[in-house]
Undergrad: 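Quick one: the structure is below, questions incoming.
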Amino acid sequence: MARDARKNNPDTPAEGSVSVIVVAWQSGEDLTRCLSALTAQTRPPLEILLVDNASTDGAPQAAVRAISGITLVSAGANLGFAAGVNLGARRARGDWLALVNPDAFAAPDWLERLLAGAARHPDVQCFGCRQTMAGAEGRLDGLGDVMSLPGIPYRGGYGLADPGPVEDGECFSACGGAMLIRRNLFEALGGFDEDLFMYCEDVDLGYRIRLAGGACGVIPDAVVAHVGSASTGGAGSDFASFHGARNRIRVFIKNTPPVLFWLTLPLHVIATLVLFLRLSGQGRLAPNLKGARAALADLPAALAARRRTQATRTVTSWEIARAMTWNPLDLLGRRVVIRRSRRRSGGGSAA
């Protein structure tokens, strides 16, 4: 019946249609390059929604003037990445949402390859891709997000040499810097957790997908080049460090199932202390400590969020643990961890 309605109404998007959402804040010249790459896709999206988080650099307005086919959505304030995407999603009309950071530059066939991957794996509704470091040829920015057993997430392969061809598979979560997700799934989960503002909101979403019995895939032949934290002063900035430290703790408290939570809580504390020790040697401890204190101060809200999340959980602690890496060397070395898909695929191979 839904197909007939689409066929009879020319204003109804075709099945498999994609709404691209880009959230911009002080994105500078990267934004025009990002949007130009999206308008040049071999598989054109239904629409490109540019959410402007009250930028003062004029970049969103300049980009819309320079590039046709962009819909500007004014947030009116700096909502952060999570709420900015949610705002764009409420305006979106496509079956899929493609999220792209304003400093990420998609290869011409990026969207086409992501959709082909989705067709190969019809039981998976959220996908990441291969992110390379813009300006650093041969280096990965990420190849699927990984969750370690202590509850410390990381972007698989960040800063490592690009391993070359890799088969499709499952990752713990898809990086929000360049991902594809079914719109109805995003909506059913309530979108991103806006309390996170930015950083780890994608891990939180992926975690909730898994708690609901789903999975996240990674399509390595879909490629974007990513600058990384261009709007926030870099990955090691005080802003990024504060939100990263705060949100890692929140995601651990909110999402870890009960048995796994109590078994891994000591590991989480130890891993956090080891991480802080390393950061101290790099002169980056202060904003991370501030973030940890903020997470603990916000513990009542985190526990309330935990109660809501765990009330809808459909999988066991063991099933979540199986999706993590248990090897501490993976975390220490930021290794890529892509697992063979245990779900039905549509004829493609999975690793």
Undergrad: Can you find a pair of side-chain heavy atoms, one from Glu47 and one from Arg93, that are under 4.5 Å apart?
TA: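 In short, these two side chains touch, coming nearer than 4.5 Å.
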Undergrad: Same hydrophobic cluster for Leu205 and Leu87, using side-chain heavy-atom links shorter than 4.5 Å among ILVMFWY?
TA: yes
Undergrad: If you look at every heavy atom in Ala295 and Arg246, which pair is closest and at what distance?
TA: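 The pair with the smallest heavy-atom distance is CB-O, 3.6 Å.
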Undergrad: Got a donor-acceptor contact below 3.5 angstrom from the Ser173 side chain to the Gly206 backbone?
TA: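 Checked: no pair found.
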Undergrad: Given the rule that I, L, V, M, F, W and Y join up when any side-chain heavy atoms are under 4.5 Å apart, are Ile249 and Val274 in one cluster?
TA: no
Undergrad: Does a sphere of radius 6.0 Å around CD in Gln61 hold more than 12 heavy atoms from other residues, nucleotides or ligands, not counting ones at 6.0 Å or beyond?
TA: yes
Undergrad: Give me the atom names and distance for the closest heavy-atom approach of Gly117 to Ile219.
TA: CA-CD1, 3.7 Å
Undergrad: Do Leu263 and Val251 share a hydrophobic cluster (ILVMFWY, side-chain heavy atoms under 4.5 Å, transitive)?
TA: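 No; tracing contacts between hydrophobic side chains, which count when under 4.5 Å, never links both residues.
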Undergrad: For a quick test of reading the model, state the closest non-hydrogen atom pair linking Leu114 to Phe127 and the distance between them.
TA: CD2-CB, 4.2 Å
Undergrad: Would you find a donor on one side and an acceptor on the other, under 3.5 Å apart, between the side chain of Ser148 and the backbone of Ile152?
TA: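 Checked: pair present.
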Undergrad: Is Pro163 close to Arg130 at the side-chain level, that is, under 4.5 Å between some pair of heavy atoms?
TA: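 Of all side-chain heavy-atom pairs linking Pro163 with Arg130, at least one is under 4.5 Å.
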Undergrad: Do Phe276 and Leu289 have side-chain heavy atoms sitting under 4.5 Å apart?
TA: yes
Undergrad: Under the criterion side-chain contact (heavy atoms from CB on, under 4.5 Å), I'd like the reasoning laid out for Val337 against Phe172: C-alpha separation, chi angles, the key distance, then a yes or no.
TA: CA-CA 9 Å; Val337 178; Phe172 188 86; over 6 Å; no
Undergrad: If I compare all heavy atoms of Ile209 with all of Ala215, which pair ends up nearest, and what's the gap?
TA: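 Heavy-atom minimum between the residues: CG2-N, 3.6 Å.
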Undergrad: Rounded to the nearest 0.5 Å, what separates atom CD1 in Ile253 from atom CZ in Arg248?
TA: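 Going from CD1 on Ile253 over to CZ on Arg248, the span is 13.0 Å.
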Undergrad: For a 4.5 angstrom cut-off between non-hydrogen side-chain atoms, does Asp193 reach Leu196?
TA: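 Asp193 reaches Leu196 side chain to side chain.
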Undergrad: Output the distance between atom CD1 (Ile270) and atom CG (Leu275), rounded to the nearest 0.5 Å.
TA: 13.5 Å
Undergrad: Do the side chain of Ser55 and the main chain of Gly58 share a donor and acceptor less than 3.5 angstrom apart?
TA: no
Undergrad: Taking Arg183 first and then Glu187, would you say they form a salt bridge - that is, a charged N and a carboxylate O separated by under 4.0 Å?
TA: yes
Undergrad: For Gln282, is the CD atom crowded, meaning more than 12 foreign heavy atoms sit under 6.0 Å from it?
TA: yes
Undergrad: I'd like to know if Trp110 and Leu115 are part of one continuous hydrophobic network [Ile/Leu/Val/Met/Phe/Trp/Tyr, side-chain heavy atoms within less than 4.5 Å].
TA: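 Both belong to a single hydrophobic cluster.
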Undergrad: Using modelled atom types only, decide if a donor and an acceptor are shared between the side chain of Gln41 and the backbone of Ala37 within a distance under 3.5 Å.
TA: yes
Undergrad: Pairing donors with acceptors under 3.5 angstrom, does anything connect the side chains of Asn86 and Glu194?
TA: yes
Undergrad: Sub-3.5 Å donor-acceptor pair from the side chain of Asn247 to the main-chain atoms of Tyr199, do we have one?
TA: yes
Undergrad: On a heavy-atom basis, which atom in Trp96 and which in Leu180 lie closest, and how many Å separate them?
TA: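 Of all heavy-atom pairs spanning Trp96 and Leu180, the closest is CE3-CG, 3.5 Å.
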Undergrad: Which is it for Val218 and Glu170 under the side-chain contact (heavy atoms from CB on, under 4.5 Å) test, yes or no, and what are the steps along the way?
TA: CA-CA 6 Å; Val218 58; Glu170 287 187 12; over 6 Å; no
Undergrad: Keeping the roles fixed (side chain from Arg208, backbone from Val203), state whether a donor-acceptor pair exists under 3.5 Å.
TA: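 Checking the backbone N and O of Val203 against the side chain of Arg208, no donor-acceptor pair under 3.5 Å is found.
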Undergrad: Once rounded to the nearest 0.5 Å, what's the spacing between atom CG of Asn255 and atom CZ of Arg306?
TA: 8.5 Å
Undergrad: Distance-only, no hydrogens or angles: does the Asn78 side chain make a donor-acceptor pair with backbone N or O of Gly80 under 3.5 Å?
TA: yes
Undergrad: Does Arg155 come within less than 4.0 Å of Asp141, counting only side-chain N to carboxylate O?
TA: yes
Undergrad: Would you say His268's side chain and Thr264's backbone share a donor-acceptor pair under 3.5 angstrom?
TA: no
Undergrad: Arg335 and side-chain contact (heavy atoms from CB on, under 4.5 Å): which single residue from Asn327, Val146, Leu143 fits?
TA: Asn327
Undergrad: To the nearest 0.5 Å, how far apart are CE in Met147 and CZ in Arg210?
TA: 10.5 Å
Undergrad: Could you go through the side-chain contact (heavy atoms from CB on, under 4.5 Å) check for Leu331 and Tyr154 one step at a time?
TA: CA-CA 7 Å; Leu331 173 59; Tyr154 68 93; 3.7 Å; yes
Undergrad: Would you check if the side chain of Ser19 reaches a backbone N or O of Ala92 as a donor-acceptor pair within less than 3.5 Å?
TA: no
Undergrad: Going by heavy atoms in the side chains, are Asn53 and Phe81 under 4.5 Å from each other?
TA: no
Undergrad: Determine, using the 4.5 Å side-chain heavy-atom cutoff (strictly less than), whether Val85 and Leu185 are members of one ILVMFWY cluster.
TA: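 They do share one cluster, since a chain of ILVMFWY contacts under 4.5 Å joins Val85 to Leu185.
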Undergrad: Can Asp238 and Arg284 be counted as an ion pair, charged N to O under 4.0 angstrom?
TA: no
Undergrad: Relative to the ring of Phe192, is the ring of Phe186 parallel (under 30°), tilted (30 to 60°) or perpendicular (over 60°)?
TA: perpendicular
Undergrad: Just so I know, are the side chains of Asp204 and Lys254 near enough to count as touching, which here means a heavy-atom distance under 4.5 Å?
TA: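 The answer is yes, as the side chains (C-beta and beyond) meet within the 4.5 Å cut-off.
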Undergrad: Rounded to the nearest 0.5 Å, what separates atom CG in Asp145 from atom SG in Cys200?
TA: 9.0 Å
Undergrad: Side-chain donor-acceptor pair under 3.5 Å between Thr56 and Gln26, yes or no?
TA: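 Present: a donor and an acceptor within the cut-off.
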Undergrad: Determine whether Ser36 and Ile67 satisfy the following criterion, side-chain contact (heavy atoms from CB on, under 4.5 Å), listing intermediate values before the conclusion.
TA: CA-CA 7 Å; Ser36 295; Ile67 306 168; 3.4 Å; yes
Undergrad: Within a strict 4.5 Å, meaning less than it, do heavy atoms of the Met179 and Leu99 side chains meet?
TA: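 Met179 vs Leu99: side chains touch.
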Undergrad: Check this for me, if you would: do Asp162 and Arg139 make a salt bridge, where the nitrogen-to-carboxylate-oxygen distance has to be below 4.0 angstrom?
TA: no
Undergrad: Quick one: closest heavy-atom pair of Gly176 and Asp202, and the distance?
TA: N-OD2, 2.8 Å
Undergrad: With a 4.5 Å cut-off on side-chain heavy atoms, are His243 and Ser237 touching?
TA: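 No - every pair of side-chain heavy atoms lies 4.5 Å or more apart.
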Undergrad: Is a salt bridge present between Arg250 and Asp195, judged by a nitrogen-to-oxygen distance below 4.0 Å?
TA: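 Yes, Arg250 and Asp195 are salt-bridged.
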Undergrad: Keeping Asp95 on the side-chain end and Gly16 on the backbone end, is there a donor-acceptor pair under 3.5 Å?
TA: yes
Undergrad: Going from CG on Leu50 to CD1 on Ile70, what distance comes out if it is rounded to the nearest 0.5 angstrom?
TA: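 Result: 7.0 Å between the selected atoms.
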